[in-house]
Number of protein chains: 2
Amino acid sequence: MANKHVKEMQVLKEHLGKHQLKLTRQRELILNAFLRQEHITAEAMYHQLAKSDPHLGLATIYRTLNLFCDAGLAQARHFGSQTKYDNVSHKGHHDHLICTSCDQIVEFENEEIERLQEEVAARNGFTIKTHRLELYGLCSRCRH
Amino acid sequence: MANKHVKEMQVLKEHLGKHQLKLTRQRELILNAFLRQEHITAEAMYHQLAKSDPHLGLATIYRTLNLFCDAGLAQARHFGSQTKYDNVSHKGHHDHLICTSCDQIVEFENEEIERLQEEVAARNGFTIKTHRLELYGLCSRCRH
DNA sequence: TTGAAATTGATAAACTGTCTCAAAATGATA
DNA sequence: TATCATTTTGAGACAGTTTATCAATTTCAA
Ligand SMILES: [Mn+2]
Ligand SMILES: [Mn+2]
Ligand SMILES: [Zn+2]
Ligand SMILES: [Zn+2]
């Protein structure tokens with residue numbers, strides 16, 4: 001429990017070192033809470049952390065989650081109207097299936113789709129930097 | 001010029017009729033301006049219409065563009081941080097290539113990708129209702 | 001023509017996220 | 001370990017975008 005998330009903490013420390021940033025109690029706290037999640041909003045992190053740390057500011061949550069993005073531990077994703085931070089510390093690129101009824105999010109990878117995207121881009125003279133693919137619908141549980 | 005967009009006006013009128021809504025000067029005005037665009041923000045429509053109609057309210061623009069969405073003439077799309085209304089009166093489903101440098105938007109359709117999406121969804125027990133695929137990068141002009 | 005119902009415009013409010021700044025914490029250095 | 005320049009924090013102000021409110025106006029079915 002105490003020395004969990006060692007690898008991710010190392011990644012963060014390296015990023016901090018490279019950018020003359022400091023390791024703070026808040027950053028450690030937020031990192032540990034964040035790594036227990038897969039996809040979470042800043043607001044949700046705020047409420048969750050408020051239980052044990054009522055004075056942690058919302059601005060600090062935003063700043064810190066954005067820092068995690070810079071460090072490569074997180075990725076901000078806009079699902080519908082919500083912005084969720086995706087815990088990518090242990091995953092590579094992936095896209096999402098989202099149940100519009102229960103908000104369940106399933107991750108998937110499909111190299112065939114990725115390849116076709118490149119093909120479409122090339123055909124139009126584009127060089128892809130990033131892309132976003134989200135499939136919205138009903139999961140098997142919610143369909144019934 | 002006067003009787004342009006007759007078909008779309010008909011679609012709107014049918015929607016209004018079905019929902020006991022009324023045809024107003026503003027709705028006609030906004031429809032004609034909107035149909036001349038492909039992808040436009042509410043704010044941009046507001047400024048464009050302000051030239052000829054300085055007292056048209058921004059709220060009316062939003063309300064009316066959302067009405068067009070209900071009528072199937074428009075679709076709200078969140079590109080990056082902007083919300084653009086896509087003029088779909090004369091198009092079927094399509095996805096987008098977006099140049100992050102000059103904001104150019106290219107539309108494309110790829111039935112192979114669509115098919116693979118269904119496959120992915122089925123494999124995960126999902127039934128897709130909608131999806132979003134956006135490829136962000138540089139167009140040929142901006143790459144140089 | 002009338003009048004109930006819908007719509008409008010102005011603006012307040014909601015919502016999400018960033019900025020400001022004084023006070024506190026960090027960590028490199030002596 | 002003490003010093004102290006630099007970074008970070010928390011609180012709230014602020015900004016951008018979209019919706020809600022409401023009195024006045026417009027629409028349209030009767
Ligand atoms: Mn994910
Ligand atoms: Mn389009
Ligand atoms: Zn579900
Ligand atoms: Zn371009």
Side-chain angles (χ1 to χ4, degrees), chain A residues 9 12-34 39-71 74-86, chain B residues 9 12-31 33-34 39-71 74-86 103:
Chain A
M9 184 59 75
L12 177 59
K13 280 179 178 166
E14 253 157 50
H15 179 83
L16 297 176
K18 273 201 198 90
H19 297 80
Q20 51 210 118
L21 303 175
K22 295 175 177 177
L23 181 62
T24 63
R25 190 180 66 82
Q26 289 87 340
R27 283 172 179 172
E28 281 196 86
L29 216 69
I30 297 171
L31 180 61
N32 280 305
F34 175 67
H39 305 90
I40 191 165
T41 63
E43 194 74 24
M45 284 243 66
Y46 178 59
H47 289 304
Q48 183 179 306
L49 285 163
K51 292 171 196 162
S52 51
D53 238 89
H55 290 293
L56 226 168
L58 179 57
T60 300
I61 305 280
Y62 274 106
R63 281 187 292 233
T64 305
L65 289 173
N66 288 335
L67 171 69
F68 294 169
C69 290
D70 294 343
Q75 271 176 22
R77 307 248 193 196
H78 306 274
F79 292 134
S81 53
Q82 294 200 312
T83 299
K84 291 192 167 174
Y85 288 83
D86 194 339
Chain B
M9 184 60 74
L12 177 59
K13 280 179 178 167
E14 254 156 49
H15 178 83
L16 296 176
K18 273 199 199 89
H19 296 82
Q20 51 209 120
L21 304 175
K22 296 174 175 176
L23 181 61
T24 64
R25 188 179 67 81
Q26 289 87 341
R27 284 172 177 170
E28 282 195 86
L29 217 68
I30 296 171
L31 180 61
F34 175 67
H39 305 91
I40 191 166
T41 63
E43 194 74 23
M45 284 244 64
Y46 178 60
H47 285 116
Q48 183 178 308
L49 285 162
K51 291 172 198 163
S52 51
D53 238 270
H55 290 294
L56 227 168
L58 179 57
T60 300
I61 305 281
Y62 273 106
R63 282 187 291 234
T64 305
L65 289 174
N66 289 335
L67 171 70
F68 294 168
C69 289
D70 294 342
Q75 271 176 23
R77 307 247 192 199
H78 306 272
F79 293 135
S81 53
Q82 294 199 312
T83 300
K84 291 192 168 175
Y85 288 84
D86 195 339
D103 282 327

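In what follows, chains are A, B, ... by sequence order, proteins preceding strands, each numbered from 1. Being a predicted model, the structure only gives us computed values, none of them experimental.
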Please report the distance, rounded to the nearest Å, between CG in B/Leu29 and C1' in D/dT26. 15 Å
A/Arg27 CZ to D/dT7 P, straight-line distance once rounded to whole Å: 11 Å
B/Ala76 to B/Cys69 - nearest heavy-atom pair and separation: N-SG, 3.7 Å
A/Leu23 side, atom CG; A/Lys13 side, atom NZ - distance, nearest 0.5 Å: 6.0 Å
Please list, one pair per line, the donor and acceptor atoms closer than 3.5 Å that link side chains of residues 15-22 of chain A to other protein atoms, with sequence neighbours excluded.
{"residue": "A/His19", "atom": "ND1", "partner": "A/His15", "partner atom": "O", "Å": "2.9"}

Name all residues meeting the side chain to side chain donor-acceptor pair (under 3.5 Å) criterion together with B/Gln75; count only those two or more places apart in sequence or in a different chain, and write none if there are none. B/Arg77
Mind calculating the distance between CG (B/Leu16) and C1' (D/dT26) to the nearest angstrom? 14 Å
Just call it for B/Gln20: base, sugar-phosphate, or nothing, with non-hydrogen atoms closer than 4.0 Å on any strand. sugar-phosphate
If I take atom CE from residue A/Met9 and atom CG from residue A/Leu31, how far apart are they, to the nearest 0.5 angstrom? 4.5 Å
Separation of C/dT16 atom P from A/Lys84 atom NZ, nearest Å, is 13 Å
Nucleotide N/O to protein N/O under 3.5 Å, stretch nucleotides 26-30 of chain C:
{"residue": "C/dT26", "atom": "O3'", "partner": "A/Leu23", "partner atom": "O", "Å": "3.4"}
{"residue": "C/dT26", "atom": "O2", "partner": "A/Lys22", "partner atom": "NZ", "Å": "2.5"}
{"residue": "C/dG27", "atom": "OP1", "partner": "A/Leu23", "partner atom": "N", "Å": "2.9"}
{"residue": "C/dG27", "atom": "OP1", "partner": "A/Leu23", "partner atom": "O", "Å": "3.4"}

B/Tyr46 atom OH is separated from D/dT17 atom C1', nearest whole Å, by 14 Å
Identify all side-chain donor-acceptor contacts of residues 39-50 of chain B below 3.5 Å with residues at least two apart in sequence or on another chain.
{"residue": "B/His39", "atom": "NE2", "partner": "B/Asp86", "partner atom": "OD1", "Å": "3.4"}
{"residue": "B/His39", "atom": "NE2", "partner": "B/Asp86", "partner atom": "OD2", "Å": "3.4"}
{"residue": "B/His39", "atom": "NE2", "partner": "B/His96", "partner atom": "NE2", "Å": "3.2"}
{"residue": "B/His39", "atom": "NE2", "partner": "B/Glu107", "partner atom": "OE2", "Å": "2.9"}
{"residue": "B/Thr41", "atom": "OG1", "partner": "B/Ala44", "partner atom": "N", "Å": "3.0"}
{"residue": "B/His47", "atom": "ND1", "partner": "B/Glu43", "partner atom": "O", "Å": "3.2"}
{"residue": "B/Gln48", "atom": "OE1", "partner": "B/Gln37", "partner atom": "NE2", "Å": "3.2"}

Would you mind writing out the side-chain donor-acceptor pairs for residues 60-68 of chain B within the sub-3.5 Å range, not counting sequence neighbours?
{"residue": "B/Thr60", "atom": "OG1", "partner": "B/Arg63", "partner atom": "NH2", "Å": "3.3"}
{"residue": "B/Thr64", "atom": "OG1", "partner": "B/Thr60", "partner atom": "O", "Å": "2.6"}
{"residue": "B/Asn66", "atom": "OD1", "partner": "B/Tyr85", "partner atom": "OH", "Å": "3.0"}
{"residue": "B/Asn66", "atom": "ND2", "partner": "B/Tyr62", "partner atom": "O", "Å": "3.2"}

Can A/Arg25 and A/Asp53 be said to form a salt bridge (charged side-chain N to carboxylate O under 4.0 Å, His left out), step by step? CA-CA 11 Å; A/Arg25 190 180 66 82; A/Asp53 238 89; 3.5 Å; yes
Provide, to the nearest angstrom, the distance between the NE2 atom belonging to A/His78 and the C1' atom belonging to C/dT16. 11 Å
Assign A/Ser81 to base, sugar-phosphate, or nothing according to its heavy-atom contacts below 4.0 angstrom with the strands shown. nothing
Sorted by number, residues from residues 52-69 of chain B placing a heavy atom under 4.0 Å from DNA chain C are B/His55, B/Leu56, B/Gly57, B/Ala59, B/Thr60, B/Arg63
Quick one: B/His19 NE2 to D/dT27 C1', roughly how many Å, whole number? 18 Å
